[in-house]
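Quick caveat: nothing in here was measured; it's all calculated off a predicted structure.
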Amino acid sequence: MASTKNSLSRWAIDLLYSSPKTAQKKQHPLPVLFPKSMSRRSALIFSCVVPLTLIPVSPPSTARGSRGRKTIPPEDYITTSDGLKFYDLEEGKGPVAEKGSKVQVHFDCVYRGITAISSRESKILAGNRSIAQAYEFTVGAPPGKERKREYVDNANGLFSAQASPKPPAAMYKITEGMKVGGKRTVLVPPEAGYGQKGMNEIPPGATFELNIELLRVVPTSAK
């Protein structure tokens with residue numbers, strides 16, 4: 001037992017203090033020699049001696065990073081009469097969102113590859129849980145009017161537009177003409193976005209990317 005323990009200790013010391021230069025000269029990994037017999041106590045000592053640096057650690061992932069984004073050439077954007085630039089990633093095949101239509105969308109505000117604001121991170125009242133709650137508004141209406149509506153008790157819990165992320169003003173007009181199922185990306189300047197105040201990771205006076213997915217055009221009878 002004493003012989004096994006001494007042999008194990010010498011092996012651990014050599015492993016901890018071996019020179020990197022020596023390893024480069026040999027150009028092949030040093031073989032690991034285990035004692036022929038090892039007690040439970042020796043095995044426990046062995047597991048504690050091995051340096052943690054030998055265990056590979058994967059790098060942390062970027063939080064809220066926008067992955068798989070399509071690069072769109074500037075000349076492919078369509079410019080509206082208001083000066084907004086947009087590009088339809090998917091056209092959609094459902095009903096068209098017209099001015100005055102009540103619609104439900106998901107939207108994401110992306111700044112330098114980071115999703116700063118998203119309807120997929122709405123907050124439930126009386127709790128800290130985030131949900132992917134569709135945002136409902138009227139196309140062409142003054143921005144923010146719908147945020148004063150009554151509380152709604154849905155399958156996800158008690159929810160109000162007041163608790164949801166605030167969309168930029170550009171979304172209220174640029175959604176016009178989209179079809180249900182369509183996805184549109186918009187370049188939003190500060191005057192149509194969050195101005196000189198900014199919002200979350202979007203700094204004051206910044207231009208950012210707005211991604212809109214039209215989920216539903218609410219029928220007139222359901223308004």
Point-to-point distance, once rounded to the nearest 0.5 Å, from [atom1] of [X] to [atom2] of [Y]:
X: Cys109; Y: Ile212; atom1: SG; atom2: CD1; result: 9.0 Å
X: Met178; Y: Asp88; atom1: CE; atom2: CG; result: 6.5 Å
X: Leu210; Y: Thr185; atom1: CG; atom2: OG1; result: 7.0 Å
X: Met199; Y: Ile117; atom1: CE; atom2: CD1; result: 5.5 Å
X: Lys179; Y: Glu90; atom1: NZ; atom2: CD; result: 13.5 Å
X: Lys85; Y: Glu209; atom1: NZ; atom2: CD; result: 14.5 Å

Do [X] and [Y] have side chains that get closer than 4.5 Å, going by heavy atoms?
X: Pro203; Y: Tyr111; result: yes
X: Pro189; Y: Leu84; result: yes
X: Pro190; Y: Thr207; result: yes

So does Arg120 get a backbone contact from the side chain of Ser118, meaning a donor-acceptor N/O pair under 3.5 Å?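 Yes; judged by distance alone, with no hydrogens or angles, the pair exists.
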
Under 3.5 Å, is there a donor-acceptor pair between the side chain of Asn200 and the main chain of Ala116?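 Checking the backbone N and O of Ala116 against the side chain of Asn200, a donor-acceptor pair under 3.5 Å is found.
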
Show the nearest heavy-atom pair for residues [X] and [Y], with the distance to one decimal.
X: Met171; Y: Phe137; value: CE-CE2, 3.6 Å
X: Ile174; Y: Arg184; value: O-NH1, 2.7 Å
X: Pro167; Y: Tyr194; value: C-OH, 3.5 Å
X: Leu215; Y: His106; value: CD1-CD2, 3.6 Å
X: Val139; Y: Ala97; value: CG2-CB, 4.3 Å
X: Phe107; Y: Lys166; value: CZ-C, 4.2 Å

Could you check Thr138 against Lys102 for side-chain hydrogen bond (donor to acceptor under 3.5 Å, both in side chains), going step by step and ending with a plain yes or no? CA-CA 4 Å; Thr138 301; Lys102 182 173 288 187; 5.3 Å; no

Residues in ring-ring contact (aromatic ring centres under 6.0 Å, His included) with Phe86, at least two apart?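 Applying ring-ring contact (aromatic ring centres under 6.0 Å, His included) to Phe86 gives none.
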
Cluster companions of Tyr87 among Ile, Leu, Val, Met, Phe, Trp, Tyr (side-chain spacing under 4.5 Å):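 Same cluster as Tyr87: Ile72, Tyr77, Leu89, Leu187.
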
Does atom CD (Glu91) have a neighbourhood of more than 12 heavy atoms from anything else shown, all under 6.0 Å?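 Open: at most 12 neighbouring heavy atoms sit under 6.0 Å from CD of Glu91.
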
